Amino acid sequence: MPNHQYWLVKTEPSTFSFDDLVASPKKTSRWDGVRNYAARNHLRSMKKGDLVLVYHSSVVPSAIVGVAEVVREAYPDPTALDPKDPHFDPKSKPDDPTWVMVDLRAIEALERPVTLDEVKKTKGLEQMALVRLGRLSVQPVTPREYEIVRKLAQSKSS
DNA sequence: GCCAACGTTGGC
DNA sequence: GCCAACGTTGGC
């Protein structure tokens, strides 16, 4: 078995979509702007080579659309220190950064999007953090869940 | 645009 | 350290 973990990150495609990641230089972009402690802790746990499902929120239908990999492990997120940035955090100090980001590289789009509705209805996926902890923007995925999602994407839409 | 869920803040 | 008020997320 490959020695890596699985994750899921959410993004609003109007701000940054999976296609934007694919279109980035080397298909790679920093994943900045996370300002939630639970999500931050997951970012810190990410290892190079971990696989990351990319989920589009606030669109109809919201869905898992692609797969990326971690190419750089957690390092300080400079947007937290930039007063002009919408994610500026006045309490974060340069010498003790509160917030981190990772670099993600797009691997491939799913054969078709797997919608939230499908995730809720699919046996084995009901316990996904996506369903249980709706607002967590960076979350762990089990190998089994990852496998089921990939298989679903290869099957026909219902 | 509404609103439920839930994380964060701040008064005490 | 409790908890009410407030702000944000995100599905619908």
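Small disclaimer: the values here were computed from a predicted structure and weren't measured. Throughout, a chain's letter reflects where its sequence line sits, starting with A, and its residues are numbered from 1.
With no hydrogens or angles considered, no side-chain donor-acceptor pair links A:Thr79 and A:Asp82 at under 3.5 Å. In this structure, a donor-acceptor pair under 3.5 Å is absent between the side chains of A:Ser92 and A:Arg35.
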>> Evaluate A:Leu116 against A:Tyr55 for side chain to side chain contact (heavy atoms under 4.5 Å, CB included), listing each step before the verdict.
In response: CA-CA 9 Å; A:Leu116 177 61; A:Tyr55 175 84; 3.7 Å; yes
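With sequence neighbours left out, A:Glu147 forms a salt bridge (Lys or Arg N to Asp or Glu O under 4.0 Å) with A:Lys151.
In this structure, the side chains of A:Pro97 and A:Asp77 stay at 4.5 Å or more apart for every pair of heavy atoms. At least one side-chain heavy atom of A:Lys47 sits under 4.5 Å from a side-chain heavy atom of A:Glu73. Proximity of A:Met128 to A:Thr142: side-chain heavy atoms (C-beta onward) are nowhere separated by under 4.5 Å.
Residues from residues 52-67 of chain A that place a heavy atom under 4.0 Å from any atom of DNA chain C, listed by number: A:Tyr55, A:Ser57, A:Ser58, A:Ser62.
Panel note: side chain A:His42, backbone A:Val9; no donor-acceptor pair is recorded below 3.5 Å.
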Scan nucleotides 3-9 of chain C against the protein and return all N/O pairs shorter than 3.5 Å with their distances rounded to 0.1 Å.
unit_1, atom_1, unit_2, atom_2, d
C:dT8, O2, A:Arg135, NH1, 2.4

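Nucleic acid contact class of A:Leu116 (heavy atoms, under 4.0 Å, all strands): sugar-phosphate only.
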